[in-house]
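All remarks here apply to the structure that follows.
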Protein chains: 2
Amino acid sequence: MTIHSGGGARILIIDDEPQIRKLLKVTLQAHRFDIHEAEAGEAGIYQASIVHPDLIVLDLGLPDMSGMDVLRRIREWSSVPIIVLTAKEREEDKIAALDGGADDYVTKPFGMGELLARIRVALRHVASSVQEPVLRFGPLVIDLAQRLVELDGSRVKLTPTEYDLLKTLATNAGKVMTQRQLLQQVWGGHHYESDSHYLRIYIGHLRKKLEEDPTRPRFIETEPGIGYRFLSQD
Amino acid sequence: MTIHSGGGARILIIDDEPQIRKLLKVTLQAHRFDIHEAEAGEAGIYQASIVHPDLIVLDLGLPDMSGMDVLRRIREWSSVPIIVLTAKEREEDKIAALDGGADDYVTKPFGMGELLARIRVALRHVASSVQEPVLRFGPLVIDLAQRLVELDGSRVKLTPTEYDLLKTLATNAGKVMTQRQLLQQVWGGHHYESDSHYLRIYIGHLRKKLEEDPTRPRFIETEPGIGYRFLSQD
DNA sequence: AGGCTTTCTCGCAGAACTTCCGGAATCCCC
DNA sequence: GGGGATTCCGGAAGTTCTGCGAGAAAGCCT
């Protein structure tokens with residue numbers, strides 16, 4: 001579950017050691033994260049303020065200022081998850097960082113797999129507010145999370161089967177869905193060609209509720225002998 | 001989910017070793033947490049469903065079932081923060097637990113100060129997610145902190161179940177809550193689809209107390225065949 | 001006793017399924 | 001190339017059935 005549907009989440013790395021930065025950058029980019037870097041505290045704070053990362057990996061041992069100060073300064077205005085990465089193993093340091101606003105504390109040497117897992121945990125916490133699967137086709141809006149369908153700004157009431165059918169058509173917009181595919185997706189079990197009349201009924205219902213002129217469909221086009229296709233644009 | 005302001009947060013400890021349990025219990029109680037205990041997996045899942053803890057400390061090495069299974073079972077219906085506490089240091093175990101729904105992973109032997117700090121971090125997350133403890137929907141005001149509901153300025157008396165149901169609906173305003181989700185959130189993990197009559201009863205009670213015209217709901221909308229949705233606007 | 005929760009029954013509205021029929025396109029045969 | 005037969009799609013009935021809501025009554029806790 002990534003945050004941004006297209007690319008991965010934006011991650012800012014604040015670390016002064018070039019080889020660690022390089023390692024983190026390469027590995028995280030391989031996992032489709034969008035990486036920004038800073039090699040000092042002030043630069044890190046500045047970067048955080050302009051790129052608005054979804055997560056920050058912060059090394060506490062910085063040349064220009066204390067990592068704890070960086071933490072505090074960022075926490076003054078942002079609640080972005082911060083994973084502290086450091087060589088300091090003393091418990092007081094861990095407690096200070098965690099109570100200072102850090103969301104996790106990983107000591108070097110660290111396993112990259114574990115760090116990735118902890119990054120996923122931190123991103124999971126904010127994921128709900130960022131993820132928003134909404135399909136838009138001109139005047140038609142399908143909100144999969146809220147299970148809402150709007151046409152020209154007003155809500156359209158759909159029965160469960162109607163909604164499921166529209167959803168499978170719209171998520172595969174552009175390509176033809178065979179009758180068999182639709183029957184299996186929407187009705188689930190093993191339905192045969194004889195049941196394809198169900199489809200015509202519910203396609204009819206959908207067109208009646210969505211199309212202005214059901215004889216000239218804007219959204220659902222029938223592909224004779226094959227199935228149906230959801231048009232991405234007029 | 002709510003952190004109780006008077007006493008500390010409720011913490012459930014699931015661990016089979018009596019001395020560890022004792023140590024955790026005494027220390028956490030000294031920090032004014034409200035402690036519940038379970039010494040096996042099944043018992044832990046059951047406890048979690050009835051005491052609704054604000055946080056769970058889970059030992060992965062349990063006698064009756066795999067700790068990972070406990071994790072998964074609880075995650076089926078609850079998003080309570082879970083801190084895994086274990087002797088397993090292998091990176092694959094950490095990754096599996098974190099990706100399996102754990103919020104943190106602490107290996108034994110552990111420093112009690114660090115564990116406490118990590119508990120504070122986890123609790124901070126749920127506290128910040130309920131940043132606005134007062135929900136307002138037109139004439140309806142729900143004060144989550146005081147467990148109080150007002151309609152048109154006058155107090156509405158709700159039973160515990162009615163309040164819990166309203167709370168879960170209102171905190172997820174806009175999106176559909178399936179009957180299964182509602183049953184698991186409000187009643188705990190043991191209820192299945194067959195118990196959906198409960199829902200209808202209590203939805204009826206809520207509508208009778210909140211809606212002027214229960215046949216034309218302003219707040220609680222039923223989504224036939226799916227569940228219910230709390231309307232964000234009139 | 002009183003309130004809260006659970007259980008049960010019943011009526012009803014709407015959804016799902018079924019059947020029948022008309023119209024359009026295609027194919028086939030002459 | 002034209003006419004009939006076939007095929008396929010779409011609409012309009014009617015029937016069944018699932019799911020929701022309301023009322024009432026029986027446990028259960030304080």
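Note: hydrogens, waters and symmetry copies are ignored here, and every other heavy atom, side chains too, is used. Convention: sequence-line order gives letters A, B, ...; per-chain numbering from 1.
Between B:Ile50 atom CD1 and D:dC29 atom P the separation is 13 Å, expressed in whole Å. Here the P atom of nucleotide D:dC20 and the CZ atom of B:Arg207 are 11 Å apart, to the nearest Å. Spacing between atom CD of B:Gln179 and atom C1' of D:dG19 amounts to 8 Å, rounded to whole angstrom units. In this structure, the OH atom of B:Tyr202 is 15 Å from the P atom of D:dA22, given to the nearest Å. In this structure, the CZ atom of A:Arg200 is 16 Å from the P atom of D:dA12, given to the nearest Å. One can place CG of B:Leu206 at 16 Å from C1' of D:dC20, the figure rounded to the nearest angstrom. Taking atom NZ of B:Lys209 as the reference point, atom P of C:dG3 lies 11 Å away to the nearest angstrom. In this structure, B:Leu199 places its CG atom 14 Å from P of D:dG19, rounding to the nearest Å.
Judged as a side chain to side chain donor-acceptor pair (under 3.5 Å), and not counting sequence neighbours, the contacts of A:Glu223 are A:Arg229.
Residues from residues 220-229 of chain B that place a heavy atom under 4.0 Å from any atom of DNA chain D, listed by number: B:Thr222, B:Gly225, B:Tyr228.
Classification of A:Lys157 and A:Glu162 as a salt-bridged pair fails, no side-chain N sitting under 4.0 Å from a carboxylate O.
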Any N/O pairs under 3.5 Å between the protein and nucleotides 19-21 of chain C? List them or say none.
unit_1: C:dT19; atom_1: O4; unit_2: A:His197; atom_2: NE2; d: 3.2

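Contact between B:Ile74 and B:Ala48 at its shortest, heavy atoms only, is CD1-CB, 4.3 Å.
One finds no side-chain N or O of A:Thr161 lying less than 4.0 angstrom from the OP1 or OP2 phosphate oxygen of C:dA15. Dashed line: the shortest gap from a side-chain N or O of A:Lys157 to OP1 or OP2 of C:dA15 is not under 4.0 Å. OP1 and OP2 of D:dG19 both lie 4.0 Å or more from every side-chain N or O belonging to B:Ser196. For B:Trp187, no side-chain nitrogen or oxygen approaches OP1 or OP2 of C:dT5 to under 4.0 Å.
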Please report, to 0.1 Å, the donor-acceptor pairs under 3.5 Å made by any side chain of residues 137-155 of chain B, with sequence neighbours excluded.
unit_1: B:Asp143; atom_1: OD1; unit_2: B:Ala145; atom_2: N; d: 3.0
unit_1: B:Asp143; atom_1: OD1; unit_2: B:Gln146; atom_2: N; d: 3.1
unit_1: B:Ser154; atom_1: OG; unit_2: B:Leu151; atom_2: O; d: 3.1

Under 3.5 Å donor-acceptor pairs involving side-chain atoms of residues 164-174 of chain A, not counting sequence neighbours:
unit_1: A:Thr168; atom_1: OG1; unit_2: A:Asp164; atom_2: O; d: 3.3
unit_1: A:Thr168; atom_1: OG1; unit_2: A:Leu165; atom_2: O; d: 2.9
unit_1: A:Thr171; atom_1: OG1; unit_2: A:Lys167; atom_2: O; d: 2.8
unit_1: A:Thr171; atom_1: OG1; unit_2: A:Thr168; atom_2: O; d: 3.3

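Using bins of under 30°, 30° to 60° and over 60° for the plane-to-plane angle, the ring pair B:His205/B:Tyr202 lands in the perpendicular bin. Classified by interplanar angle (parallel below 30°, tilted 30° to 60°, perpendicular above 60°), the ring pair A:His125/B:His125 is tilted.
Here salt bridge (charged side-chain N to carboxylate O under 4.0 Å, His left out) pairs that include residues 100-121 of chain B, with residues two or more places apart or in two chains, are A:Lys94-B:Glu114, A:Asp99-B:Arg120, A:Asp104-B:Arg118, A:Arg118-B:Asp104, B:Glu17-B:Lys108, B:Asp59-B:Lys108, B:Arg75-B:Asp103, B:Asp104-B:Arg118, B:Glu114-B:Arg118.
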From CA spacing to verdict: side-chain contact (heavy atoms from CB on, under 4.5 Å), B:Val70, B:Met65: CA-CA 7 Å; B:Val70 179; B:Met65 60 189 292; 3.8 Å; yes

